[in-house]
Amino acid sequence: MSSPASASSAEVAGDPAPEVAGDPSPEVSRDPSSGDDELARLRAEVATLRAELGARTRRGDRGRAVRRTIAAVLAAVAAFALVTSVVGLWAARTTLTTDRWVATVAPLPQDPAVSAAVAQYATTELFKVVDVEQRLRAVLPEQAAFVAGPLTGQIRDQVRKIVTDVLRSDRFQVLWVELNQRVHQRMLAVLNGTSDVVIARNDRIELDLLPLINQALRELSAELPTLFGKQLTLPDLSSGAIPENLRERVQEELGVTLPANFAQFTVYDSGKLWAAQQAVATAKRDLALFAGATIALLIAAFLVSPGRRRTAVQLGMWLVVAAVAVTAILRAVRREIIAQVPAGTYRDGVDAAMTSIFGLLRERGVQIIVIGTLLALLAYLVGPGRFPVWLRDRLARATRVTARGVRSGSRVLAAHAPGWIAAHLDPLRIAGVVVAVILALILSSWTSLLIILGLLIAYEAAVTLLAHRRPALRQA
């Protein structure tokens, strides 16, 4: 019979303990197929997760593609809206602001084509009421009556020359500004429906050129006093003051009755005034809304876009396309308008006038094209493309090399420039004075002279101070 101590010794020695009946070990009870089922389940879960991830990725890709498309469309619409807004704002400020309109049309009389057209029109109007050929036949002997026709042609040329000289004179410029200011203010009153002074007969508003003919008659009477049989005493309008009874005074001096539409250039013709009034009302109401909608489109394009740099490139390119397209449309409209004017002097004058009036709008179009090109180019160059990366690397290297060169050159100049300047101080001072004198002769305004004098004083002080640094540098 073994003792308990011996039993403990047997357990310590590692002898296996007797198995209890009915208690099978885990190795014996495990089912071999359960591991395969678990593996299959895990694989199915992984496949499901991958499928869901792939679906989400595809949905994300489709969502980004849709957002890119929407952003591209919004950028295109915003670009065209922006260019159209610029045209609308220019038109509103130019046509609905008296000061801007007067400043726009003020240079027109100085244009040779415009002055030639206006002079021809004024001369034709004057010869309609003054029968020059009949006057010549009345004063010429019967045997010399045949020269009345050629003399009339020469007098017509002389009158046209006088009218042209009056148009281009500085004295007429004051009258021209005053005339256009009055007409534009009255036009605005009619377009806004507040005029009780201007008569828009049959939907017509006319620019009265009688003041121009008045001034031309004064010059013509001085050069050809015998043409009218007396010296004409017409008012001088060079100060800009136009008397209310000017038509009556011209009729009295010429001894004729002027037609109701004498020397009146039609601005708005029949049936168009009401449309113009409605257009002005619509422009005032909708222009601010249109500009606000343009800004909203720009913001929406960048908010929707998954790649704002790409949207910036698209916006810049569309700005260029929109500016070119709108410019082409405006040119086509201009050609249609000019084609309705009789060929010759009048058509040339209208063409020159429209070129002058639309000059500021052309500048805005060029600015939009430049801005769009720069925006697209800069947005592309900051991107991850191969060429932008290469270009940025080259620029960085060139910048570092340039900076090192500048630092080296600065040290060399700091070390040797004071000594060289001290050795050549007098020639440098004289050269500064010579350059200042040459610039003063070229730029003769008082402002330029003051600027040149200030720069000369600064230059002389700078070279003197640098020359006196030489001893200090040697002591250091």
Please check if atom [atom1] in [X] has more than 12 non-hydrogen atoms from other residues, nucleotides or ligands closer than 6.0 Å.
X	atom1	result
Arg331	CZ	no
Arg93	CZ	no
Arg310	CZ	no
Asp170	CG	no

How far apart are the closest heavy atoms of [X] and [Y], and which atoms are they?
X	Y	result
Ala322	Val83	CB-CG2, 3.6 Å
Arg100	Leu360	NH1-CD2, 3.6 Å
Ala122	Val163	CB-CG1, 4.1 Å
Gly349	Val114	O-CG2, 3.6 Å
Arg160	Ala119	O-CB, 3.8 Å
Tyr346	Tyr121	OH-CA, 3.3 Å

For [X] and [Y], indicate whether the former's side chain and the latter's backbone hold a donor-acceptor pair under 3.5 Å.
X	Y	answer
Thr97	Asp99	no
Arg362	Thr327	no
Asn180	Trp176	yes
Thr94	Ala91	no
Tyr459	Val433	no

Basic-acidic side-chain contact under 4.0 Å: Lys161, Asp165: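 Looking at Asp165 together with Lys161, the answer is yes, because their closest N to O distance falls below 4.0 Å.
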Decide yes or no for Ile369 and Thr373: does some side-chain heavy atom of the first lie under 4.5 Å from some side-chain heavy atom of the second?
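Yes. Closest side-chain heavy atoms under 4.5 Å.
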**Study point:** Close side-chain approach of Arg364 to Gln367, heavy-atom, < 4.5 Å
**Key:**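 The answer is yes; the side chains approach within 4.5 Å.
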inquiry  = So, applying side-chain contact (heavy atoms from CB on, under 4.5 Å) with Leu74, which one of Leu315, Thr69, Leu297, Thr311 is it?
reply    =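 The residue from Leu315, Thr69, Leu297, Thr311 that satisfies side-chain contact (heavy atoms from CB on, under 4.5 Å) with Leu74 turns out to be Leu297.
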- Task: Give me the ring orientation class for Phe387 and Tyr380: parallel if the planes are under 30° apart, tilted from 30 to 60°, perpendicular past 60°.
- Result: parallel
TODO: First locate atom CD1 of Ile162, then atom CG of Leu217, and finally report the distance between them rounded to the nearest 0.5 Å.
DONE: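 Spacing of CD1 (Ile162) from CG (Leu217) equals 9.5 Å.
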query = Under 3.5 Å, is there a donor-acceptor pair linking the side chains of Arg334 and Thr355?
reply =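 There is such a pair between these side chains.
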- Task: Mind running side chain to side chain contact (heavy atoms under 4.5 Å, CB included) on Leu361 and Leu330 for me, showing each step along the way?
- Result: CA-CA 10 Å; Leu361 185 59; Leu330 293 177; 3.7 Å; yes
